[in-house]
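Let me begin by presenting the structure, written as structure tokens, before commenting on it.
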4 protein chains.
Amino acid sequence: MNRRNSIETKARILSVAEEIFSNVGFDGARVDDIAKEASVNKALIYYYFKSKDEILDTLFLNLVEDAKKMLIKCMEGTPNVCTGDNYKKLFDTYIHFITEKRNIIKVAIAESAKTKTKISVVMELGNLIINAEIENLRKKYVAQGLHFPEDRQEMLIMEFFTGLAPFFNYALYKDQWEDLYQVSEEELQEKFYQAFKKTHLRAHLL
Amino acid sequence: MNRRNSIETKARILSVAEEIFSNVGFDGARVDDIAKEASVNKALIYYYFKSKDEILDTLFLNLVEDAKKMLIKCMEGTPNVCTGDNYKKLFDTYIHFITEKRNIIKVAIAESAKTKTKISVVMELGNLIINAEIENLRKKYVAQGLHFPEDRQEMLIMEFFTGLAPFFNYALYKDQWEDLYQVSEEELQEKFYQAFKKTHLRAHLL
Amino acid sequence: MNRRNSIETKARILSVAEEIFSNVGFDGARVDDIAKEASVNKALIYYYFKSKDEILDTLFLNLVEDAKKMLIKCMEGTPNVCTGDNYKKLFDTYIHFITEKRNIIKVAIAESAKTKTKISVVMELGNLIINAEIENLRKKYVAQGLHFPEDRQEMLIMEFFTGLAPFFNYALYKDQWEDLYQVSEEELQEKFYQAFKKTHLRAHLL
Amino acid sequence: MNRRNSIETKARILSVAEEIFSNVGFDGARVDDIAKEASVNKALIYYYFKSKDEILDTLFLNLVEDAKKMLIKCMEGTPNVCTGDNYKKLFDTYIHFITEKRNIIKVAIAESAKTKTKISVVMELGNLIINAEIENLRKKYVAQGLHFPEDRQEMLIMEFFTGLAPFFNYALYKDQWEDLYQVSEEELQEKFYQAFKKTHLRAHLL
DNA sequence: AATGAATGAGTGTTCATTCAT
DNA sequence: AATGAATGAACACTCATTCAT
């Protein structure tokens, strides 16, 4: 096996781990199962990762990296977000990211639910997105010659609990919702957008 | 320890289990630790509960029961919810419930994050609350002689993803938020209310 | 509850224990199950018996007592055993005893199969029966003016391994045999008798 | 201990398990003890066997395999069994097999004594041997131009309850008998043969 | 005589991790 | 880079037995 395959192997382990973690939770996952599913010897996993924890850490690191990339692309692509329906593009980027990464996001949320936890990835991710979002807002206010609200705390809370929370819930329950209510992915996404527009976005626009 | 007090002992086990589950997750929890913390012999836990799973099930059952009671009390106490600031009272009831039960709610959310899961308690809880909420809305619309929106799916999605999601997030991250941003419980709650009012509630009122 | 019931209760425990032991073996049996099946509180079992072992000991003791009674009755009832077909009566008594007691006999044999065992009940039972049998034979020889074989060891071995063994096997496999080969109890018993007559009995008569 | 020798290790586990099972019974045996006695880590036992049950199943499987091999060798080596004292050779093969395998046979019998049991190994073993034996007889009858008995059921019962039973008893009580009556292995075996000849064999010969 | 509650020691099994090759 | 074998420390769950009433 050459280095090419080596990279591919490590990636396969990560990919399988992500799926299994999201299926049964981190604590519920077995290294044995990861090995089996990834068709590698169990010991090989320990050749690439120091421990089961390190697999999760790597996965979380990648998630944060990907979020950053996504946000950077957003910044570049959307000079005037929040002006009317042109927020839709940003929303699509977000919802696409959330949908694609929902498996590992679910794991992150589940882990963050444990009280005994270090600074959770979800908080980190939240901060990242919220700050980007607030920066967006600031630009827009400035562009419109408006006075930007002074209470940052208030703003953070609003962004986190009414702006981000729906997306987290989307990651968590998209699949269950589609199953339970027999809705197509497109319909759910569209209606979710309408709801988000009527609530959180409404508070921003104008 | 006072022996021979079946009910109290069982309650203590449940209470300790709830705390430990919320600290380290269900899979991360050890029956040994529950026994130790509850000052009972481990075997006694199996005298009261068939398995570790049954402890969780009982906890979830109680949560749903309590939610029902809370909702019934809400129904009785608030004939005209959603009419202006009198929603505050309902909000307070909700936020109080969420705050008080946040430990087990966190466990419920974490468990619901696993893909391999039967109908999750969170969905059950969500349905319960949303249906109550929608019934509330309906009454109000009727009282005002207004036409009640026809697309139930749309309404459910909005309630779940923009009405409930913030509360779930509140349960999940209240403590972490207070720690991280050094906000008092009261302040967080108040600002959360303001944000909720400006977003989700705004879409309902008027 | 008066003494009458007390005796009945103890008997019920023994009876249930016998059945459960024979179903799953002594080690495989649970005191809990005995209690449940006998409809008594588990602690009550320990009121009547010092331990699970004592239940088995009592059962074995009863078996030996019953065997003795059976043998005594045989002695009285059969002055000239082994003279031709009049052995049939003795055989019937034996086979009846074996059939009736087969459950506890099976337990006794299973226990005796353990190498780490004190003098086994089966050996005790065997000795009892063999000695009675040999005494029978001796009488018959004397009555016929014949010389009684001198090698007792030889005689014991023959009685135990070709006289008793078939009966032990009958206790062990009667039910399985009937099931497997779809034979009625009567047919099996009759053919067993014919086989026993052609082999072991033949060696004794004349 | 020499690591990295899969086959030898697995064999050692099996061998130790066989001994312990025969000492204290299957249910009485502790996996811990097997591990200790075999000088392997307990988890290693579960690396080779799915469960304690599977160890027993393997042992039983091996016993049946060995029995088949033994029978095949018998078939080849004895064209005219049962003709007079040349049965002795066959007897020796049997008694040698029974003696050598008596430990696992004892376990098999003890397990077969449980009512709640699937088709027992003893029955399987019994069928194997009896069928071989009957085939032997048939050949002999044919060779002598005799009419072979028609009632197969009768024949099976005779073989099982008077032909096989003594050997099972020999497996079960050989050691106890030698201890109790202070007989040497050789003497017991010889006298057992004489008894068997006078009873079961007598019915076959001529 | 009878019972619900309680317990210590264990019991088969699992798991993350490491070793030797 | 890869693997089969091996391990220590759990882990959920069980069981015979006892206590207090």
Side-chain angles (χ1 to χ4, degrees), chain A residues 1-3 5-7 9-10 27-35 39-55, chain B residues 1-10 27 29-35 39-53 55, chain C residues 1-10 27-35 39-55, chain D residues 1-10 27-35 39-55:
Chain A
M1 295 291 157
N2 57 24
R3 194 159 296 133
N5 280 332
S6 158
I7 291 171
T9 301
K10 191 170 178 179
D27 288 317
R30 305 292 152 230
V31 176
D32 265 290
D33 292 337
I34 297 174
S39 307
V40 300
N41 184 282
K42 197 184 5 170
L44 193 59
I45 292 181
Y46 286 90
Y47 177 80
Y48 286 114
F49 303 94
K50 218 174 61 192
S51 67
K52 190 184 161 191
D53 275 275
E54 207 187 77
I55 302 179
Chain B
M1 281 308 132
N2 186 10
R3 267 166 123 196
R4 328 287 154 201
N5 193 343
S6 182
I7 295 170
E8 201 267 324
T9 302
K10 192 171 177 179
D27 288 317
R30 303 296 151 222
V31 177
D32 267 288
D33 292 337
I34 297 175
S39 306
V40 299
N41 184 285
K42 189 175 26 164
L44 194 61
I45 292 181
Y46 288 91
Y47 178 77
Y48 288 112
F49 302 95
K50 223 171 55 192
S51 65
K52 192 182 159 191
D53 272 275
I55 301 179
Chain C
M1 295 294 156
N2 56 24
R3 193 157 300 136
R4 269 262 170 284
N5 280 333
S6 158
I7 291 171
E8 201 268 324
T9 301
K10 192 170 176 180
D27 288 318
R30 305 292 153 231
V31 177
D32 264 290
D33 292 336
I34 297 174
S39 307
V40 301
N41 184 283
K42 196 185 4 171
L44 193 60
I45 292 182
Y46 286 89
Y47 177 79
Y48 287 113
F49 303 94
K50 217 173 62 192
S51 67
K52 190 183 160 192
D53 275 274
E54 206 186 78
I55 301 179
Chain D
M1 282 306 133
N2 186 10
R3 268 168 122 193
R4 327 288 154 203
N5 194 340
S6 182
I7 295 171
E8 201 268 323
T9 303
K10 192 170 178 182
D27 289 316
R30 303 298 150 223
V31 178
D32 267 290
D33 292 337
I34 297 176
S39 306
V40 300
N41 184 284
K42 187 169 40 155
L44 193 62
I45 292 180
Y46 287 90
Y47 178 76
Y48 288 111
F49 303 94
K50 223 171 56 192
S51 65
K52 191 183 161 193
D53 273 276
E54 208 187 77
I55 301 179

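The chains referred to below are lettered A, B, ... by the order of the sequence lines, with proteins before strands, and numbering in each begins at 1.
Remark: E/dT14 base-pairs with F/dA9; criterion is Watson-Crick or G-U wobble with both hydrogen-bond distances under 3.5 Å. E/dA20 and F/dT3 make up a base pair, with Watson-Crick or G-U wobble contacts both under 3.5 Å.
Note that CD1 of C/Ile45 and CG of C/Asp32 are 8.5 Å apart. Values are rounded to the nearest 0.5 Å. Taken from NZ in B/Lys52 to CG in B/Asp27, the straight-line distance is 5.5 Å, to the nearest 0.5 Å. Separation of atoms CD1 (A/Ile34) and CD1 (A/Ile55) is listed at 4.5 Å; rounding is to 0.5 Å.
As a whole-Å value, the separation of B/Tyr46 OH from E/dA9 C1' is 16 Å. Atom CG of D/Asp32 is separated from atom C1' of F/dA9 by 13 Å (rounded to the nearest Å). A straight line from NZ of B/Lys50 to P of F/dC13 spans 11 Å, rounded to a whole angstrom. For the pair A/Lys10 NZ and F/dA2 C1', the computed distance is 16 Å after rounding to whole Å. Nucleotide E/dT3 holds its P atom 21 Å from the CG atom of B/Asn5, rounded to whole Å. One can place CD1 of B/Ile55 at 9 Å from P of F/dC13, the figure rounded to the nearest angstrom. Between the CG atom of B/Asn41 and the P atom of F/dC19 there is a distance of 14 Å, rounded to whole Å.
Each of A/Lys52 and C/Ile45 lies near DNA chain E, and the nucleotide nearest C/Ile45 is the one positioned closer to the 5' end. Each of B/Val40 and A/Asp53 was matched to the nucleotide of DNA chain E holding its nearest heavy atom; the match closer to the 5' end belongs to B/Val40. Toward the 5' end of DNA chain F, the nearer of the two residues A/Ala43 and B/Asp33, judged by each one's closest nucleotide, is A/Ala43.
A close approach under 4.0 Å does not occur between any side-chain nitrogen or oxygen of A/Arg30 and OP1 or OP2 of E/dT14. The phosphate of F/dA1 (OP1 or OP2) has no side-chain N or O of A/Thr9 nearer than 4.0 angstrom. A sub-4.0 Å separation between OP1 or OP2 of F/dA1 and a side-chain N or O of A/Tyr47 is present. Contact check, C/Ser6 against E/dA1: a side-chain N or O comes under 4.0 Å of OP1 or OP2.
Scanning both residues, C/Ser6 and C/Tyr48, for their nearest heavy atoms gives OG-OH, 3.3 Å. Minimum heavy-atom separation, C/Ala35 to C/Lys42: CB-CA, 3.7 Å.
As judged by a 4.0 angstrom heavy-atom cut-off over every strand, C/Phe49 is placed among residues making no nucleic acid contact. Among the heavy atoms of the strands, none lies under 4.0 Å from A/Ala35.
Listed candidates were E/dA5, F/dT7, E/dT17. Nearest to the side chain of D/Leu44 is F/dT7. Taking the side chain of D/Tyr48 as heavy atoms from C-beta on, and the options F/dT17, F/dA5, E/dA6, the nearest nucleotide is F/dA5.
A donor-acceptor contact under 3.5 Å links the side chain of A/Lys42 to the base of E/dT17.
Figure legend: D/Lys10 and D/Phe49 shown as a cation-pi pair, the cationic atom lying under 6.0 angstrom from the six-membered ring centre and within 45 degrees of its axis.
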